[in-house]
Each structure stands twice: as C-alpha cells, then as structure tokens.
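Note sheet for the following structure.
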Amino acid sequence: MVVTLMTAGLCGLLYFWLSFRVVEVRRSAQVLIGDGGDELLLSRIRAHANFAEYVPICLVLIAVIELSDSVSPPGLYAAGIGLVVARVAHAVGMERGGANRWRLAGTVATWTTLVGLSFWAMVRAVTY
C-alpha cells in the first residue's frame with residue numbers, strides 16, 4: 001500500500017500546515033473561538049475544514065483500490081499527487097478571497113479526483 005501510505009503521509013503534513021496557519025492567525029487576532037469577524041482567519045478555518053471534509057474519503061478510495069489489486073496501478077500515483085496538489089491550490093486560493101483561479105483549480109481537481117476514484121472503485125468492485 002505504498003501509494004496510500006505516501007499520500008496519507010503527505011496529506012498529514014499538509015493538514016498540520018493548515019492547522020498551524022489557523023493557529024497563527026488566531027494568536028495574532030487574539031480569537032480563541034470562531035473567527036471573530038476576521039476574514040483571514042475565516043478563510044484559513046474553511047481551508048482547514050474543507051481539507052478535512054474531502055481528503056478522508058479520497059484516502060479511503062485510494063486504499064481500497066490499492067488493496068483490490070496485486071500491483072499499485074500507476075493511476076493511483078497520479079490520483080495521490082493530484083489530491084495533494086489540489087488541496088495546496090485550494091488553500092492558497094482560499095486565502096486570496098472570492099473566486100480565483102487557485103481556488104477553482106483546487107476545487108475542480110479535488111472533485112475530479114474524488115469522482116474518478118469513486119468510479120474506479122465501483123468498476124473494481126464489479127470486475128473483482
């Protein structure tokens with residue numbers, strides 16, 4: 001399960017980075033709970049939460065696909081890398097506020113990865 005392990009490890013580090021960024025603004029804005037009306041804090045909280053909403057299901061899908069095959073398919077490497085890059089792009093875009101190309105690219109890439117992995121898992125289930 002090399003692909004799952006590497007993707008999960010990278011996502012763990014990215015989640016820590018997102019968490020640290022929230023704490024950093026909480027300290028400077030002196031906000032312990034909620035966002036205190038601070039737009040930067042709100043954007044970082046949402047980037048962190050959005051990561052927590054999408055990444056676990058993608059990791060589960062990568063894991064079950066990898067477990068269903070005797071060899072890790074090259075497409076899984078692309079999915080894992082794509083997921084990590086998408087989540088970084090989304091986090092960068094969230095901080096820029098409003099609709100922007102980084103946020104859009106991160107969102108579209110995450111959705112594409114999620115839908116692609118979902119169909120791949122279903123095909124593997126049917127052909128298993």
Side-chain angles (χ1 to χ4, degrees):
M1 292 192 48
V2 175
V3 178
T4 303
L5 289 169
M6 183 58 75
T7 304
L10 290 170
C11 285
L13 293 174
L14 183 52
Y15 192 71
F16 173 77
W17 174 68
L18 292 169
S19 301
F20 184 81
R21 290 166 32 100
V22 170
V23 170
E24 186 178 54
V25 177
R26 281 194 184 285
R27 284 184 178 170
S28 67
Q30 297 182 345
V31 176
L32 295 177
I33 297 176
D35 61 35
D38 186 298
E39 288 294 319
L40 178 58
L41 180 55
L42 176 60
S43 69
R44 287 189 178 184
I45 289 169
R46 282 308 309 146
H48 180 261
N50 191 273
F51 183 97
E53 293 161 2
Y54 281 99
V55 169
I57 188 62
C58 288
L59 286 175
V60 167
L61 288 165
I62 290 170
V64 296
I65 292 166
E66 192 167 21
L67 283 170
S68 73
D69 209 330
S70 59
V71 178
S72 299
L76 273 185
Y77 290 98
I81 291 166
L83 178 64
V84 171
V85 170
R87 297 289 66 206
V88 169
H90 183 267
V92 168
M94 285 295 291
E95 192 155 314
R96 293 181 181 212
N100 62 75
R101 63 184 170 160
W102 289 97
R103 185 175 176 187
L104 178 62
T107 300
V108 169
T110 299
W111 287 353
T112 301
T113 301
L114 176 61
V115 171
L117 287 169
S118 297
F119 278 113
W120 191 351
M122 291 186 294
V123 167
R124 290 295 299 150
V126 170
T127 61
Y128 201 64

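Bear in mind the structure is a predicted one, so any value in this text is a computation, not a measurement.
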Do [X] and [Y] have side chains that get closer than 4.5 Å, going by heavy atoms?
X: Leu32; Y: Arg26; value: no
X: His90; Y: Trp102; value: no
X: Trp120; Y: Leu117; value: yes

According to side chain to side chain contact (heavy atoms under 4.5 Å, CB included), who are the partners of [X], at least two apart in sequence or on a separate chain?
X: Ser118; result: Leu61, Leu114
X: Trp17; result: Leu14, Arg21, Ala91
X: Val23; result: Arg27
X: Ala63; result: Met1, Thr4

Can you give each donor-acceptor pair under 3.5 Å made by side-chain atoms of residues 35-42, sequence neighbours left out, with the distance rounded to 0.1 Å?
residue: Asp35; atom: OD1; partner: Gly37; partner atom: N; Å: 2.8
residue: Asp38; atom: OD1; partner: Leu40; partner atom: N; Å: 3.0
residue: Asp38; atom: OD1; partner: Leu41; partner atom: N; Å: 2.8

- Can you name the ring-ring contact (aromatic ring centres under 6.0 Å, His included) partners of Tyr15, sequence neighbours left out?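 So Tyr15 forms a ring-ring contact (aromatic ring centres under 6.0 Å, His included) with His48, Phe51.
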Using the rule that two of Ile, Leu, Val, Met, Phe, Trp, Tyr join whenever any of their side-chain heavy atoms come within less than 4.5 Å, decide whether [X] and [Y] are in one cluster.
X: Val123; Y: Ile62; value: no
X: Phe119; Y: Leu59; value: no
X: Leu76; Y: Val2; value: yes
X: Leu18; Y: Val55; value: yes

- Item | Summary of salt bridge (charged side-chain N to carboxylate O under 4.0 Å, His left out) pairs that have at least one residue in residues 102-128, sequence neighbours excluded |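 For residues 102-128: none.
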- Task: Sort and list the pairs that fulfil salt bridge (charged side-chain N to carboxylate O under 4.0 Å, His left out) and have at least one residue in residues 48-77, not counting sequence neighbours.
- Result: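 Found Arg46-Glu53.
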- Message: Show the nearest heavy-atom pair for residues Ser68 and Ile65, with the distance to one decimal.
- Response: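 Result for this residue pair: OG-O, 2.7 Å.
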- Query: Taking all non-hydrogen atoms of both residues, which atom of Gly34 and which atom of Ile45 are closest, and how far apart?
  - Reply: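 Taking Gly34 first and Ile45 second, the nearest heavy atoms are O-CD1, 3.7 Å.
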- Partners of Trp111 by side chain to side chain donor-acceptor pair (under 3.5 Å), sequence neighbours excluded?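 Trp111 satisfies side chain to side chain donor-acceptor pair (under 3.5 Å) with Tyr54 only.
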- Item | Contacts of Thr110 that satisfy side chain to side chain donor-acceptor pair (under 3.5 Å) - sequence neighbours left out |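 By the side chain to side chain donor-acceptor pair (under 3.5 Å) rule, Thr110 matches Arg87.
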- Residue pairs, two or more places apart or on separate chains, that pass ring-ring contact (aromatic ring centres under 6.0 Å, His included) and touch residues 62-85: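 Every candidate ring-ring contact (aromatic ring centres under 6.0 Å, His included) pair involving residues 62-85 fails, so no pair, neighbours aside, qualifies.
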- Task: State which residues pass salt bridge (charged side-chain N to carboxylate O under 4.0 Å, His left out) with Arg44; sequence neighbours excluded, sorted by chain then number.
- Result: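 Salt bridge (charged side-chain N to carboxylate O under 4.0 Å, His left out) check on Arg44 returns Glu24, Glu95.
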- Task: Look up atom CG in Leu10 and atom CG in Leu83, then write down how far apart they are to the nearest 0.5 Å.
- Result: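 Between atom CG of Leu10 and atom CG of Leu83 there are 10.0 Å.
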